[in-house]
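What follows is a single structure, written as structure tokens, with notes after it.
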Amino acid sequence: MLFKKMLRDIRKHKAQFLSIFLMAFLGVFVFAGVGGESVGLEVNVNDYYNDTNLADGWIYSININDLFLYQVDCLGATTQMERQLVVDSVADFSNDPEITLHFVENNTISKFYLLQGKPLDIDDKNGVWLDKSFADAKGLKVGDNITFKFEGHEIEKEIKGIGYSPEYVYHASQSSVIPDFSKMGFAYMSYKAFPEDNISYNVLNVKFDGTPENYNDLLSYHMDGYYSSFVERSEHVSVNQFSEEMDQHKMMSGIFPVVFILISMLILLTTMTRIITHQRTQIGILKASGFKDRSIIFHYVSYGFWLVLVGAILGLILGPMTLPQLFYPSMSATYKLPSWEPAWSMNFVYVAALMVFMSIFVSYYAVKSISDEKPADTIRPKAPKISTTGFVEKLGIWDKLSFNVRWNWRDAKRNKFRALMTIIGVIGCSALLVCAFGMYDGMNDLKEWEFNQINHYDSKLVIDDEATMSEIDDVASEVNGDKIMESAIEIESGSVKKSGSLLVLNNTDLVTPTDYDWNPIKIEDNEVSISQKMADMLDVGVGDTVKWHIMGSDKWVKTKVDKIHADPTSQGLIMSSDKLEDLDLNYTPTSIVTTEHVDKNYSAIKTANSMKDMTGSWDELTEAMWLLIYILIFFASLLAVVVLYNLGLLSFTEIEREIATLKVLGFKTGALRKLLLTQNLWFTAIGFLLGLPVGYFILKIMWESSGDSFYILPSISPANFILSAVITFALSILVNLMFSRKIKKLDMVESLKSGE
């Protein structure tokens, strides 16, 4: 009988119970969906790394001979090692694509992952195993021949296999953050395919015991001067970039669903409180009819239990099936994995189970007090709360306030719990909106800052490695451009070591360093500036000294930090060419920047990229992030509608008797609607103002999880701040108008009659 009663109640209050179901479903749906996507990324890439035995670190030296191997082996921590010769080459195509060649000894560490053809054969000196992305872009297949030119050599090989490499999950050129696979790629060959008898290996892939920090200390202590640099796995360009991508998605899956789940419990509590208040007389009749308290409690607890359970189960099923498929297509265009499958985690079940348990607790809390009452007391209407004169009412200004203000103040004071729940609900909604719009502004600010405020050129010409200075000068003069040098570096301070970038400016005004407020800063010829985020990571400031070296060189230099600049995408050092040469390092231009649009080919130039190309590449890279932002804005707005509607209904239910009394006393419907709207706007304003710092805090956490490369300051534009406020207040007013229509249909006799 009670089960039938529950079904009738759910049907009667279907809007409220539907909202409970939706919030439970959406909370688990977003958590399991975004979580399934991020866990899937982690599982897929870890399986890939394990299958290919990705190196724990890479030691770079100009000649890794047998003595070098012996010295590394004597460290005692190395469990496995393999030499490679890694060289840059140009494939024989009209656009001169850059192909990184790997001549390997045995293909046991960071192994080539075969997709087509036959496995890599160390004894095959005529075959090459090619990057699948490059092969697809050029229409190459197994059995075709391809020619490479490098360091004065020209070799032609037959494509024996096509696949991926764990070192190239993310692969981008110097000129673009988005890989253009028609212009770049990689290839693996046996060391026997090298055109000379003697091969000088320059990379040693190692697997080791212990932490990378300890291994690096061993190398530094025992082999200082014998190698140029050591890169641990987490600092590898590909590994680091993909790891940062995963961290962003993990943070998304962890923060926002929690808000949904908490709000769903809030809605359940308010809805159950409303129903139990409405059914007070029915509960008294059940008690008088012999139903035990535990049966009544179980009956009302089951309302939320079944709805939350069904919503959570559907969220667990549909979330991982749908949301990952929205993100993977855009991500697979940038990152290369053999498998893109969502993964399951028991954390999804734990969260769903916690949500169900919380629904039981919340429903029990709502019904417990009334179940303890005697049947005779329960049948009677609940005695209205007594209003006492407080501090505000004793002020002289109290009598000058309007009836509207005084009535709403006293009503809120009598119903503190309802007021608190309404404010908390609005805080959650406004925090999500502020955070979502803040992320929207942050992505736009980052693009504006990098491509307009810092860089003012139209074209960037990447210089060929074999170009002479006279050729470079001729091109720079013809295009009216300025030469700059960009290089990967490793920076150390104390026990902290980070990978970064070096930018050497040669009296150009086409690249303008800025502070975190986007104000241009002048770096003098004898000064060195470090980026704000790199300074924070190394815990250094102006006047401190850092130690650094250019990747590929074993020459470390120490420099004093003279200034700190801010850059959204590049963390490292900026200096002049004179300062670089004062440090006894060679100034080698790597690019020419110009305000002219250059589409002419030069022998000294690898490739020319326009600002339009670079901003287009940036848009592609951030496509998945934009999708997340749009989803959050949608769900935050949906959450606001559901929360405000339910809390509005609860408010109306609790003051129904008072509204009926005012109506009998002659108050018009319009005046009563204004009365309710005023209180609603009060709570909305308080919730929105309190939601601002909460949203800002969440936004700050999100940007701090964006990795070592990006420096984004949490902010929200005045336009989007106003838009967040407009959405919140518009939804509040709309919802208020929806339920305040009930005033016209209010049965004053039923609302005011006694409990007889």
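We number each residue from 1, following the sequence as shown.
- For Trp306, the CH2 atom counts as loosely surrounded, since its 6.0 Å shell holds 12 or fewer non-hydrogen atoms of other residues, nucleotides or ligands.
- A donor-acceptor pair under 3.5 Å is formed between the side chain of Ser724 and the backbone N or O of Asn720.
- Within the 3.5 Å criterion, the main-chain N or O of Asn519 finds no donor-acceptor partner in the side chain of Asp517.
- Once rounded to the nearest 0.5 Å, the distance linking CG of Asp536 with CD1 of Ile530 reads 9.5 Å.
- Rounded to the nearest 0.5 angstrom, Ile712 CD1 and Asp445 CG are separated by 9.0 Å.
- A donor-acceptor contact shorter than 3.5 Å links the side chain of Ser531 to the backbone of Gly572.
- Aromatic ring pairs are classed by plane angle as parallel below 30°, tilted from 30° to 60° and perpendicular above 60°; the pair Trp518 and Trp449 is parallel.
- Note: Trp340 and Phe242 have perpendicular aromatic rings, judged against thresholds of 30 and 60 degrees for the angle between ring planes.
- In terms of modelled atom types and a separation under 3.5 Å, the side chain of Asn44 and the main chain of Gly40 share a donor-acceptor contact.
- In this structure, Asp539 places its CG atom where only 12 or fewer heavy-atom neighbours from other residues, nucleotides or ligands lie under 6.0 Å away.
- Around the NZ atom of Lys700, the shell of radius 6.0 Å holds no more than 12 heavy atoms that belong to other residues, nucleotides or ligands.
- Asp567 places no side-chain N or O within donor-acceptor distance of the main-chain N or O of Pro513, the cut-off being under 3.5 Å.
- For CZ of Phe305, the number of neighbouring non-hydrogen atoms (other residues, nucleotides, ligands) closer than 6.0 Å is greater than 12.
- The number of heavy-atom neighbours closer than 6.0 Å to CH2 of Trp409, taken from other residues, nucleotides and ligands shown, is 12 or below.
- A donor-acceptor pair is defined here as one N or O able to donate and one able to accept, closer than 3.5 Å; no such pair exists between the side chain of Ser243 and the backbone of Asn240.
- Using a 3.5 Å distance cut-off with no hydrogens or angles, the side chains of Glu450 and Thr569 do pair a donor with an acceptor.
- Within 6.0 Å of atom CZ in Phe729, more than 12 heavy atoms from other residues, nucleotides or ligands are found, so the atom counts as buried in its surroundings.
- Counted within 6.0 Å of CZ on Phe361, heavy atoms from surrounding residues, nucleotides or ligands total 12 or fewer; the atom is thus considered open.
- Ring planes of Tyr440 and Phe437: perpendicular class, angle over 60° (limits at 30 and 60°).
- For the atom pair NE2 (His565) and CG (Leu503), the distance works out to 7.5 Å, reported to the nearest 0.5 Å.
- You'll find the ring centres of Phe357 and Tyr350 outside the 6.0 Å limit.
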Q) Can you list the steps and then say if Phe21 with Val310 is a side chain to side chain contact (heavy atoms under 4.5 Å, CB included)? A) CA-CA 8 Å; Phe21 167 80; Val310 174; 3.9 Å; yes

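- Distance check: Met537 CE to Tyr711 OH gives 11.5 Å after rounding to the nearest 0.5 Å.
- The backbone N or O of Ser732 sits less than 3.5 Å from a side-chain atom of Asn680, completing a donor-acceptor pair.
- Taken from CG in Leu318 to CD1 in Ile313, the straight-line distance is 11.5 Å, to the nearest 0.5 Å.
- For the atom pair OG (Ser430) and CG (Leu689), the distance works out to 8.5 Å, reported to the nearest 0.5 Å.
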